[in-house]
Amino acid sequence: MLSKKQVLFVLDEIEKMFPDAHCELRHSNPFELMIAVLLSAQCTDALVNKVTEKLFKKYKTPEDYLSVPLEELEQDIRSIGLYRNKAKNIQKLSYMLIHEYGGVIPKNRDELIKFPGVGRKTANVIVSVAFDVPAIAVDTHVERVSKRLGICRWKDSVLQVEETLMKKIPKERWSKAHHQLIFFGRYHCKAQSPQCEICPLLEICREGQKRMRRRGVVDAKK
DNA sequence: AACTCGGGGCA
DNA sequence: TGCCCAGAGTT
């Protein structure tokens with residue numbers, strides 16, 4: 001596994017590639033962010049942004065989401081997959097927010113996870129982006145990149161990946177590191193086509209070197 | 001750990 | 001056409 005120093009090298013190299021890594025979900029307050037992150041599950045955020053552009057004009061408050069029939073909210077987010085679950089969760093979440101939290105979104109993970117549709121990953125994004133609380137949300141990109149590079153072990157669970165990242169990265173860099181790993185995973189070290197040939201991290205990347213060796217064998221056969 | 005929800009985007 | 005996408009809840 002990579003040492004702390006090597007992990008910081010990774011982050012510094014990604015900083016050169018993506019100096020403006022940030023949350024790309026459209027939102028102008030914590031409540032909108034909460035809705036947007038919930039909608040983004042198993043879906044590209046470009047699509048989420050397209051939907052929320054209209055959605056946030058129609059619905060401003062938790063009360064707004066409860067003022068329409070479930071079927072109407074479903075139609076408003078229909079172009080996003082899993083829309084029946086998500087519409088139901090948004091209304092339930094809105095009800096809880098009003099009746100149990102006085103309309104104020106809690107700032108700690110343990111409270112946020114109690115909301116339907118909000119898991120550990122979503123909660124981490126909310127606290128880190130909306131409230132500037134240090135956190136590392138492990139999604140598919142962060143997990144894949146961490147395992148390929150050798151920051152953690154291949155068979156690590158999501159929770160183990162998160163713990164390892166927190167251990168190897170200084171707390172003040174957690175939130176930024178999260179977005180850096182996201183950008184690196186989404187735009188460079190893609191699930192289907194990692195661009196190892198032009199990757200500045202190849203020299204310390206376990207999976208990248210393995211891939212290049214495999215490719216060398218293939219090329220030699222030609 | 002495996003399964004389900006799911007329309008849109010892309011090869 | 002087939003496969004995947006800033007996951008979470010249930011079994």
Side-chain angles (χ1 to χ4, degrees), chain A residues 14 17-18 20-27 30-56 70-96 109-131 133-149 151-162 165 174-195:
Chain A
I14 296 178
M17 304 170 71
F18 306 103
D20 62 337
H22 62 285
C23 177
E24 294 190 305
L25 292 171
R26 109 187 340 268
H27 68 281
F31 182 57
E32 286 189 356
L33 176 68
M34 193 172 184
I35 301 293
V37 184
L38 187 149
L39 290 176
S40 75
Q42 290 301 100
C43 168
T44 61
D45 49 347
L47 184 55
V48 173
N49 286 340
K50 199 186 296 180
V51 169
T52 55
E53 183 171 7
K54 295 177 185 172
L55 196 70
F56 291 162
L70 179 59
E71 292 73 21
E72 184 174 339
L73 182 55
E74 285 181 353
Q75 289 310 305
D76 288 335
I77 65 171
R78 185 176 41 79
S79 56
I80 290 181
L82 315 179
Y83 61 91
R84 277 188 282 264
N85 286 338
K86 289 173 179 176
K88 200 186 305 172
N89 285 338
I90 288 174
Q91 288 201 332
K92 198 170 175 185
L93 170 157
S94 296
Y95 186 88
M96 284 177 61
R109 278 175 290 274
D110 295 334
E111 289 298 319
L112 285 169
I113 289 177
K114 293 178 182 173
F115 289 91
V118 178
R120 188 175 184 81
K121 180 258 168 183
T122 300
N124 273 330
V125 173
I126 294 172
V127 297
S128 89
V129 175
F131 303 124
V133 174
I136 297 179
V138 178
D139 54 43
T140 55
H141 288 313
V142 175
E143 182 177 359
R144 181 183 69 254
V145 166
S146 298
K147 291 183 176 181
R148 278 182 180 168
L149 284 168
I151 296 176
C152 64
R153 303 179 205 281
W154 269 110
K155 52 183 177 181
D156 279 352
S157 65
V158 173
L159 209 59
Q160 288 173 315
V161 176
E162 183 180 328
L165 287 170
W174 285 357
S175 295
K176 183 170 185 183
H178 158 65
H179 289 114
Q180 290 181 305
L181 293 173
I182 293 285
F183 267 62
F184 181 67
R186 177 192 292 180
Y187 299 116
H188 185 92
C189 191
K190 303 175 191 176
Q192 307 306 323
S193 59
Q195 302 171 52

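Letters A, B, ... mirror the listed sequences (proteins, then strands); counts begin at 1.
- Here A/S40 does not reach the OP1 or OP2 of C/dC5: none of its side-chain N or O atoms lies under 4.0 Å away.
- Partners of A/Q195 according to the side-chain contact (heavy atoms from CB on, under 4.5 Å) rule, which considers only residues two or more places apart in sequence or in another chain, are A/H188, A/K190, A/E197, A/I198.
- In this structure, A/R78 does not pair ionically with A/E74, as no charged nitrogen and carboxylate oxygen lie closer than 4.0 Å.
- To the nearest whole angstrom, the two P atoms, one in B/dG6 and one in C/dT10, are 14 Å apart.
- Between the CG atom of A/L82 and the C1' atom of C/dA6 there is a distance of 13 Å, rounded to whole Å.
- Comparing the C1' positions of B/dA1 and C/dA6 gives an interatomic distance of 23 Å, to the nearest angstrom.
- With sequence neighbours left out, A/F18 forms a ring-ring contact (aromatic ring centres under 6.0 Å, His included) with A/F183.
- Side-chain contact between A/L93 and A/F31: present, with at least one pair of heavy atoms (C-beta onward) separated by less than 4.5 Å.
- Dashed line: the shortest gap from a side-chain N or O of A/Q42 to OP1 or OP2 of C/dG7 is under 4.0 Å.
- Less than 4.0 Å separates DNA chain C from at least one heavy atom of each of the following residues of residues 175-190 of chain A: A/H178, A/H179, A/I182, A/R186.
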What pairs of nitrogen or oxygen atoms, one from the protein and one from nucleotides 9-11 of chain C, lie under 3.5 Å apart?
| from | atom 1 | to | atom 2 | distance (Å) |
| --- | --- | --- | --- | --- |
| C/dG9 | OP1 | A/G117 | N | 3.0 |

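- Distance NZ (A/K114) to P (C/dA8): 17 Å, rounded to an integer number of Å.
- Distance, A/D45 CG to C/dA6 P: 7 Å, rounded to whole Å.
- Side-chain contact between A/Q91 and A/L70 is present, with at least one heavy-atom pair separated by less than 4.5 Å.
- Two residues are said to be in side-chain contact when any heavy atoms from C-beta on lie closer than 4.5 Å; A/V129 and A/L25 fail this criterion.
- Between the CG atom in A/D45 and the SG atom in A/C23 there is a gap of 7.5 Å [rounded to 0.5 Å].
- When heavy atoms are screened at a 4.0 angstrom cut-off, A/Q192 is found touching the sugar-phosphate backbone but no base atom.
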Counting only pairs under 3.5 Å, give me each side-chain donor-acceptor contact of residues 116-128 of chain A, with atom names and distances, residues two or more places apart or in other chains.
| from | atom 1 | to | atom 2 | distance (Å) |
| --- | --- | --- | --- | --- |
| A/R120 | NE | A/E162 | OE1 | 2.8 |
| A/R120 | NE | A/E162 | OE2 | 3.4 |
| A/R120 | NH2 | A/E162 | OE2 | 3.0 |
| A/N124 | OD1 | A/R109 | NH1 | 3.3 |
| A/N124 | ND2 | A/R120 | O | 3.4 |
| A/N124 | ND2 | A/I136 | O | 3.4 |
| A/S128 | OG | A/N124 | O | 3.4 |

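- When DNA chain B is scanned 5' to 3' for any atom under 4.0 Å from a heavy atom of chain A, the first and last hits are B/dC5 to B/dG9.
- Put simply, CG on A/L39 is 19 Å from P on C/dC5, counting in whole angstrom units.
- Among the heavy atoms of the strands lying under 4.0 Å from A/H22 is at least one base atom, whether or not backbone atoms are also near.
- Under 4.0 angstrom from either OP1 or OP2 of C/dA8 there lies at least one side-chain N or O belonging to A/T122.
- Annotation: A/K92, atom NZ; neighbour count of heavy atoms from other residues, nucleotides and ligands within 6.0 Å does not exceed 12.
- Rounded to whole Å, the distance from NZ on A/K86 to P on C/dC5 is 14 Å.
- Taking the P atoms as reference points, C/dT1 lies 23 Å from B/dC5, given to the whole Å.
- Between the side chain of A/K147 and the main chain of A/V161, no donor-acceptor pair closer than 3.5 Å is present.
- Residues A/H141 and A/L181 have side chains not in contact (no heavy-atom distance under 4.5 Å, counting atoms from C-beta outward).
- For the pair A/N49 (side chain) and A/E24 (backbone), a donor-acceptor distance under 3.5 Å is present.
- Across all strands, A/A137 comes closer than 4.0 Å to no nucleic acid atom at all (heavy-atom distances).
- Atom pair A/K92:NZ and C/dA8:P shows a separation of 16 Å (rounding to whole Å applied).
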